[in-house]
Protein chains: 2
Amino acid sequence: MSQEFSGKGDPLKLMHLLWGKVQAPRRGPKPKVSLSELVAAAIVIADSDGIDAVSTRKVAEAVGISPMSFYTHVPSVAELHDLMLDQVLAECTQPPKDWQSWGWRQRLTCIAENLWQHYMRHSWVVEMETHRPILGPNTLANYELALSAIDGLGLDEIEMDMTVTSLHNYVLGAVRHAAREQSVWKDTGMSDNEWWFTIAPFLETLDYTSYPVTSRVGPVVGEAYGVGDPQRAFQFGLERFLDGMTLLIKRRG
Amino acid sequence: MSQEFSGKGDPLKLMHLLWGKVQAPRRGPKPKVSLSELVAAAIVIADSDGIDAVSTRKVAEAVGISPMSFYTHVPSVAELHDLMLDQVLAECTQPPKDWQSWGWRQRLTCIAENLWQHYMRHSWVVEMETHRPILGPNTLANYELALSAIDGLGLDEIEMDMTVTSLHNYVLGAVRHAAREQSVWKDTGMSDNEWWFTIAPFLETLDYTSYPVTSRVGPVVGEAYGVGDPQRAFQFGLERFLDGMTLLIKRRG
DNA sequence: AATAACTATTTACACTGTACAACATTTAAA
DNA sequence: TTTAAATGTTGTACAGTGTAAATAGTTATT
């Protein structure tokens, strides 16, 4: 992938693109495609072939314009990436039914799990998460939803922000392995299990005297879930975090 | 960056490279450079110019061999990346003094903060974290150290593994913003503050009726730490996680 | 001395992002 | 109605990437 970031260009331009606040051109030929069509095409490519397959040429071809016409709509790939991230996050902005009747813990759990599934559906997002927050409409709506889940519990504004940020960060850190497993499998056809079986014989030849605890824990873990069970580790850490949140909320409430 | 992963090649070959178990060549000319020199040169480039600057040609040039000689030592960039990750992690394998006298909470805090600083020193690592665990000597030593921090507390092996994994995942998720801020600043010269001031006027023109909680929380947060304080959010989440761990350990102990 | 094994190098190709200039099309102003 | 400005589109071009393939050079074994 490309660690391009949109900071190189004009940050304001990106804002206008994100919020659809680009004034319609007064003169000149009608654009063949709209911005959101372009972004949607890029997302389709990323979903099926990964973020590396999203090149200006391929996106342009997908919507039926010439390679360089791409740049009349988007300043560069960096901006395209940010637009993709915000647009795809539209899937994670609506609360489920019964949301109102839930407690905060159920809400946060739901948010974390939805986010997990979102990252699994679009694993390129995980590889791409950019630096500065993308202050687009959907990213903001997603933030709003998370904040509303813990509103009125006695936490101050700073604590609310950090709760949401920490939770999001945790999910992103935890989903990495699972999401990448998907990408790798799609690209190479090799599952984690196959990979594990390939290297297992080698691992047995190593000297583990420098790793005493590992040599005790490793085999048990290996027996239980091979090289790792990302979803199980995710649930484990999530519960510890929420347990910790319970203590804080009790102190405040 | 390049989301190449070493799964494409022979996983066993990578293992042999990681553990220095490639038999020395019996015939032919002496290699001009060693593998670790090559990897070290790549790390230097990544530290100063980011992971995108690490190309086979530049690494080869840095150690004084022709571009394609690179492939005599390493099958592809993917393997180079994995080797870089393990080699640079050597900085995070030794316990500090007084480690023995510490409690588990102080140990885990220390591990998390060291890891944070490690990612900040080498922010390219954050952009690159690969899919499958890199079962190299330093990665394993790092795992061993973390396990030893919580050994003997009554947690079973599975819980120990998931504790270490969750903690690592959390740090990685939380450090992203801080690490990227460094990268972006290095590359573009624009700090988060400058960026924030550039877009702030635009943000004030938006309609926040769809974001009621955000419009209450946002200004307070903005006043406190602008667009975000990654380190503070990191500490916050870390404490919640450790509080949650305390509960679990009490139940087990 | 001959051969096999190995490293190093040169050349080449298919990709990438995008700068630049020429051209096409639509609309506002003269 | 004509003209000029503004914009979208396109073709060409360049520097950079990873790496396949062929070749040349070096050394230990036979």
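Reminder, nothing fancy here: chain letters follow the sequence lines and each chain counts from 1.
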Is any side-chain nitrogen or oxygen of B:K32 closer than 4.0 Å to OP1 or OP2 of C:dT9?
yes

Which residue in the set B:N138, B:D161, B:T165 passes side-chain hydrogen bond (donor to acceptor under 3.5 Å, both in side chains) when paired with B:Y143?
B:D161

Should A:K30 be listed as having a side-chain N or O under 4.0 Å from OP1 or OP2 of D:dT7?
no

Under 3.5 Å, side chain of A:H118 to main-chain N/O of A:S123, donor-acceptor pair present?
no

Between D:dG8 atom C1' and A:R26 atom CZ, what is the distance in whole Å?
17 Å

Using a 4.0 Å heavy-atom cut-off, does A:F70 contact any base of the nucleic acid, only the sugar-phosphate backbone, or nothing at all?
nothing

Rounded distance (Å) that lies between atom C1' of C:dG17 and atom CD1 of A:I51:
14 Å

Please give, in whole Å, the distance from C:dT18 C1' to A:L80 CG?
14 Å

Ignoring hydrogens and angles, does a donor from either the side chain of B:R27 or the base of C:dA4 sit under 3.5 Å from an acceptor on the other?
yes

Roughly, in whole Å, what's the span from NE2 in A:H81 to P in C:dT16?
12 Å

Using only side-chain N and O atoms of B:S76, determine if any of them is under 4.0 Å from OP1 or OP2 of D:dG18.
no

Rounded to the nearest Å, what distance is computed from the CD1 atom of residue B:I65 to the P atom of nucleotide D:dT26?
17 Å

Report the distance from atom CG of A:L38 to atom P of D:dT9, rounded to the nearest whole Å.
10 Å

Main chain of B:H177, side chain of B:R180: is a donor-acceptor contact present, judged purely on distance under 3.5 Å?
no

Residue whose closest nucleotide on DNA chain C lies nearer the 5' end, A:A53 versus A:M68
A:A53

Report yes if a side-chain nitrogen or oxygen of B:S55 is closer than 4.0 Å to either non-bridging phosphate oxygen (OP1 or OP2) of D:dT17; otherwise report no.
yes

Output the rounded distance in Å from CD (A:E79) to C1' (C:dG17).
13 Å

Checking side-chain hydrogen bond (donor to acceptor under 3.5 Å, both in side chains) for the pair A:S191/A:N193: CA distance, chi angles, key distance, verdict?
CA-CA 5 Å; A:S191 73; A:N193 258 341; 5.4 Å; no

Can you identify which nucleotide, out of D:dT19, C:dG17, C:dA8, has its nearest atom closest to the A:Y71 side chain?
C:dG17

Toward the 5' end of DNA chain C, which comes first, B:P25 or B:P67, by nearest nucleotide?
B:P25

Can you tell me if the side-chain N/O atoms of B:S66 get under 4.0 Å from OP1 or OP2 in C:dT9?
yes

To the nearest Å, give me how far apart CD (A:E61) and P (D:dT9) are.
16 Å

If the plane angle is over 60° it's perpendicular, under 30° parallel, otherwise tilted; pick one for B:F234 and B:W116.
parallel

For C:dT18, does the base pair up with any side-chain atom of A:R57 as donor and acceptor (N or O, under 3.5 Å, distance only)?
yes

Specify the angle, to 10°, made by the local axes at the two ends of the helix from C:dA1-D:dT30 to C:dA30-D:dT1 when five pairs are taken at each end.
20°

In terms of heavy-atom contacts, does CZ of A:F197 have more than 12 from other residues, nucleotides or ligands at under 6.0 Å?
no

Carefully, step by step, assess A:T139 and A:D86 under the rule side-chain hydrogen bond (donor to acceptor under 3.5 Å, both in side chains).
CA-CA 6 Å; A:T139 309; A:D86 190 75; 2.6 Å; yes

B:E91 and B:R121: salt bridge (charged side-chain N to carboxylate O under 4.0 Å, His left out), yes or no, with the steps?
CA-CA 11 Å; B:E91 297 170 7; B:R121 277 195 303 273; 3.2 Å; yes

